[in-house]
Every structure is written in C-alpha cells, then in structure tokens.
2 protein chains.
Amino acid sequence: MNDKKRILLVEDDPNFGIILRDFLKMNDYDIVLAKNGMEGFEKFKKYDFHLCILDVMMPYKDGFTLAGEIKEVNQDMPLIFLTAKSLKEDVLKGYKIGADDYLKKPFDSDVLLYKIKAILKRNKLSAVLDTEEFEFKFSSFEFNSKLRHLKFKDNNHVKLSPKENMLLKMLILHKNDLMPRELALTRIWRDDNYFTSRSMDVYIAKLRKQLELDPNVKINNIHGEGFRLVID
Amino acid sequence: MNDKKRILLVEDDPNFGIILRDFLKMNDYDIVLAKNGMEGFEKFKKYDFHLCILDVMMPYKDGFTLAGEIKEVNQDMPLIFLTAKSLKEDVLKGYKIGADDYLKKPFDSDVLLYKIKAILKRNKLSAVLDTEEFEFKFSSFEFNSKLRHLKFKDNNHVKLSPKENMLLKMLILHKNDLMPRELALTRIWRDDNYFTSRSMDVYIAKLRKQLELDPNVKINNIHGEGFRLVID
DNA sequence: AGCATATGTTAACGATAGGTTAAATTAATT
DNA sequence: AATTAATTTAACCTATCGTTAACATATGCT
C-alpha cells in the first residue's frame, strides 16, 4: 500500500537537476528526471506520475508548453512550476494553466517538501476516480468502456458516444452511492455552468433509456447534489 | 446553488483590510472582515466560511495561533496566510499548521484571486469525498446524510430535503443534548433573524412528522434555547 | 390572570433544479 | 462537399425546495 510517490522532474540545468533529484529521492520519492520539455513529455506519456515539477525556462520546449500538453492528457495532474524570474504575467500564466504551486529559484528545499506533501495529500482523493478498469458487469449488463459497448443479456451491444460512455463509467464507479453533479461536470465537461449542466441532464436521459431494459437498474437524482446508479 | 463563497479575512491594518475586502467583494465573494485574531475567531465560530485569509502579524493573537484554533474546530478549513516577512521558519510553520497557500506582502491581487479560485475549486470536490461521517443509526431509524435518506425499519427510505437533512444531522450530533437554536441558524441558514428562525421551526415540524413513526424518538423544545433530540 | 414572546403547524407561493424531446450546431467521416 | 455522429441549446413541463403568512398553542413573567 505504501509504495513511493512518483514525481516527474523536468529541469534543464543538469547540476541543479541532479542535486534536486537526489534530494527528493532521499526523501522517499521516486524521481524521473528529464532535461528538457521534449524528453519530459515522452517520459510523462511513458510512466504514471503523481506529480510533475517543471522548470519554466528550458530550451526546445518551455515549461508552460509542456504543462499544456500534460493537462491535455490528464487534467488533474498536479503541477509545480520552478522559475528564476517572478514576473507577474508568468505567475498568472502558470496559474491559468493549472499550476498547483509556484516556486521561485532559489527556493528552500524544506518548503518544496512541504508543498509536495500538501499537494499529494489533497490529490489522493481524485486518484481514486482514475481507474484503468474498463470492463464492468452490473445486473444484466456488460459494459466495456474502452470499446464503448453496452450489452444487455444476449442482445447485441449498443454503441455509446464518448460522453455517454464516460458518464456511465463515472456512475458505475460510484454505484449505489452519490455521483456528484459537479464531479461529472468538471471531469467530463471540464466546466460547470448552466449549459453544461443541462447537457449532462440530456445525457442522463439517454443513459436512462439504455438502462430501462433492466428493471433492477435505475439512475436516481438527488436534488441539487447529483445522481445515483442504483443496482438492486 | 450559485451562492457566493464566504471568506473570513483577518487583517489588522484597517486601510489595507478594507481595500482588500472591497476588492474581493467586487470579485463576487462574501467577505467578513475581522481586525484581529480575537475578533477573527469570534466571527469564525459565528458564521460558516469556505476559506480564511489570515494576516500573520497581528496584535493580541497572531495569525498562526488563530489558525491553530480554527483547525481545531474544522480541520479542513482552507487557509491562506498573508505576511510581510518571508522567513523560512514562518513559511514552514504555516505549512505545518496546514496552510493551503502563503502570500508575501506586497502581493499581486490577481495572483490572490487565482489562488483563492484554485483552493475553493479543489475543496469543493474533496468535501464530497471526505471521510466525514454520514451514516447514523438511532432507535429504529437509519439515516444517510450523504444520500439524504431516512429509513425506518424495513420501510422504504424517505428522501429529505437539504435543510431537513442538515438539521437532522445537527440534532443527531447533539442527541439527548441541547442543540442551540442559534447554532443551527448560523450553520444552516447562515443568518439569525425572525424569519430564518420561523423557517427553522417549520423544518422542526417536518422532521417531527418523519420521526413520529418511532415512539422512542422525540424532538423536544427547550424554550428560548433550542431543541433536543431525545432517544429512549 | 393577563400579556408578550416563543413555538407548533399547515398551506400557498415563487424560485430553481431536473426530465424529456426536438431542433440547431459542431465535429468527425466518407 | 456531403453525410453522419455527437453534442449543445431551446423549449416546455414537472418536481422539489425554501420562505412566508396565517392562525393556533404554549411558556414565562409580572
């Protein structure tokens, strides 16, 4: 259960990078060091990280560009930027991309440790929702979220659209429990406003239509909170 | 659903405090300003906040001491410290207490806004997932405050409205003991006046109707003080 | 007892959230 | 470019929720 947290460290200054890597390793983290944005993104795709620490100023691909690419793959990946300058626009740019924190070089290593700890702690929760599982059985249905196939008993499968698919998966991951509206909106729609919310309602209706083949499966609403996939 | 986020701002410099309060108000937050740690804690207990912004250096009670008291009442209250100095020990002390962020004066107001937004965003989600107790049994009832379900013996559950739900939860947390009127009003209604008080009475009546299935459970009034959930 | 105030209870109303279908728009394929 | 799939927006309707008014009863005080 207590395996080490994996951190991707992207830093072009080799001296500083290696020192920092070793310091973090001593503090019980698994570190992968990349020396520029290109390499950083390759390694990001290759391994599964809990946190990325990115230097902002790097040749070939700067930290912001890399951050954008990372967020495209995984919106919830926690990011810490390291930077020599602390220009207002840069700081704002970082937060806009979704930085969890920002450290100006030279920084104190203990402060970095605390920030890492704090960020990993609060992100533990959302990690629960990221699952590689893609085959699900519930009541008389079989659902493959990779193929986006939903099958009832011996019927042919029906194909689900990407949004239907993600929504059903989230409901299943919370089965018999509340799936907060807001969670689906921020995860699937990436925005939480009146229109995305209504769009989600439309998808709930579509899923209900698919699921009504089975009287033991229902999607209930909890007013103002979210939905609940009930399986008898 | 879209009510403003409430922020407690504790800042001893009146000029700065008022400017900051107005700036945040303009950005659609509900701000309560306190001018020292004492007042800050009083107001913290009285209202229900989503975030506290604390100046570190204040007379009578400094920001760290106040933070400790706040965390004692609510471990998950997000905190941002404001400070003129950026001594390493201070920063670390702040993170140890559980600061979510740290801003060195003078700070850029846009950066503050981004930090507030980021902190509130992640706290909204984790609040749903957190380990807070939500299943209760008392006499012949089972109560799930996450799903807002109240079940009597083998009957089907009845659904509770958000206010019924919160009120019942508060009564249970004080079972066989006084639940002060004022506490429910400030926590649930977020205001204490004639009308909210009458509204609360209406909800007490609604709960009584739900609970009358079980003769061993009663909600008693303590005149002028509050209510008591009595379980034989 | 007589009064002021607090509480008990019900019903009506307006505001907002959700259910559903269809049309309009956008994105993906062919 | 044409066709199809996916998604959003609009429209209309129902359900839920909270507040408030109205009237009744209880409590504490002088």
Side-chain angles (χ1 to χ4, degrees), chain A residues 72 145 147-150 157-171 178-185 187-212 218-230, chain B residues 1-4 145 147-150 157-171 178-212 218-230:
Chain A
E72 228 168 85
S145 67
L147 300 173
R148 307 207 312 254
H149 285 175
L150 178 63
H157 66 251
V158 293
K159 290 184 270 187
L160 299 182
S161 85
K163 288 241 156 80
E164 289 174 308
N165 187 61
M166 285 190 272
L167 189 54
L168 179 55
K169 185 172 174 182
M170 289 201 72
L171 285 165
L178 171 67
M179 198 261 329
R181 229 191 151 74
E182 200 218 326
L183 187 67
L185 288 172
R187 290 236 150 194
I188 302 177
W189 276 264
R190 278 144 194 239
D191 194 8
D192 180 353
N193 62 47
Y194 172 77
F195 289 109
T196 53
S197 190
R198 291 323 322 272
S199 188
M200 174 171 163
D201 291 333
V202 171
Y203 277 89
I204 289 288
K206 289 181 184 184
L207 286 180
R208 281 191 176 123
K209 201 163 270 177
Q210 298 291 352
L211 299 177
E212 74 189 0
K218 277 183 291 292
I219 298 176
N220 289 343
N221 174 254
I222 296 168
H223 196 92
E225 299 289 335
F227 295 93
R228 177 169 172 251
L229 180 69
V230 183
Chain B
M1 150 118 204
N2 230 344
D3 49 347
K4 296 181 184 177
S145 68
L147 300 175
R148 306 205 315 250
H149 286 173
L150 178 63
H157 65 251
V158 293
K159 294 189 266 184
L160 300 182
S161 86
K163 287 246 155 78
E164 290 173 309
N165 187 61
M166 287 191 271
L167 189 54
L168 179 54
K169 188 172 171 181
M170 288 202 77
L171 286 164
L178 171 69
M179 197 256 338
R181 231 190 150 74
E182 198 213 341
L183 185 68
L185 288 172
T186 56
R187 284 275 162 87
I188 302 177
W189 275 264
R190 285 166 186 161
D191 195 6
D192 180 352
N193 63 46
Y194 172 76
F195 289 110
T196 53
S197 189
R198 294 319 328 272
S199 189
M200 174 172 163
D201 291 332
V202 171
Y203 277 90
I204 289 288
K206 289 181 184 182
L207 285 181
R208 282 192 176 121
K209 198 166 273 177
Q210 298 293 352
L211 298 177
E212 74 190 0
K218 276 183 291 291
I219 299 176
N220 290 341
N221 175 255
I222 296 164
H223 196 89
E225 299 291 331
F227 294 92
R228 190 156 76 115
L229 179 69
V230 183

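Here is how names work: the chains are called A, B, and so on, in the same order as the sequence lines, proteins then strands, and each is numbered from 1.
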* To do: Applying side chain to side chain contact (heavy atoms under 4.5 Å, CB included), run through A/Arg181 and A/Asp201 and close with a yes or a no.
  => CA-CA 10 Å; A/Arg181 229 191 151 74; A/Asp201 291 333; 2.7 Å; yes
* Structure fact -> Contacted region of DNA chain D by chain B, from 5' end to 3' end of the hits, cut-off under 4.0 Å to heavy atoms, spans D/dT16 to D/dG28
* Assign B/Phe227 to base, sugar-phosphate, or nothing according to its heavy-atom contacts below 4.0 angstrom with the strands shown. => sugar-phosphate
* Asked: Any donor-acceptor pair under 3.5 Å linking the side chain of A/Asn165 with the backbone of A/Leu160?
  -> no
* Asked: Angle, rounded to 10°, between the helical axes spanning five pairs at each terminus of the helix from C/dA1-D/dT30 to C/dT30-D/dA1?
  -> 40°
* To do: Name all residues meeting the ring pair (Phe, Tyr, Trp, His ring centres under 6.0 Å) criterion together with A/His223; count only those two or more places apart in sequence or in a different chain, and write none if there are none.
  => none
Could you write out each protein N or O paired with an N or O of nucleotides 4-6 of chain C at a distance under 3.5 Å?
unit_1 : atom_1 : unit_2   : atom_2 : d
C/dA6  : O4'    : B/His223 : NE2    : 3.4

* May I have the step-by-step check of side chain to side chain contact (heavy atoms under 4.5 Å, CB included) for B/Ile204 and B/Asn221, ending in yes or no? => CA-CA 10 Å; B/Ile204 289 288; B/Asn221 175 255; over 6 Å; no
* For A/Lys218, does the NZ atom have more than 12 heavy-atom neighbours from other residues, nucleotides or ligands under 6.0 Å away? -> yes
* CD-CE distance between A/Glu225 and A/Met179, expressed to the nearest 0.5 angstrom -> 12.0 Å
* Asked: Nearest 0.5 Å, what's the CG-NZ distance between A/Asn220 and B/Lys159?
  -> 6.5 Å
* Asked: Taking DNA chain C as the partner, which of residues 204-212 of chain B come within under 4.0 angstrom of it by heavy atom?
  -> B/Arg208, B/Lys209
* By nearest nucleotide on DNA chain D, pick out whichever of A/Ser199 and A/Tyr194 is the more 5' one. => A/Ser199
* To do: Apply side-chain contact (heavy atoms from CB on, under 4.5 Å) to B/Val202 and list each qualifying residue two or more places apart in sequence or on a separate chain.
  => B/Lys206
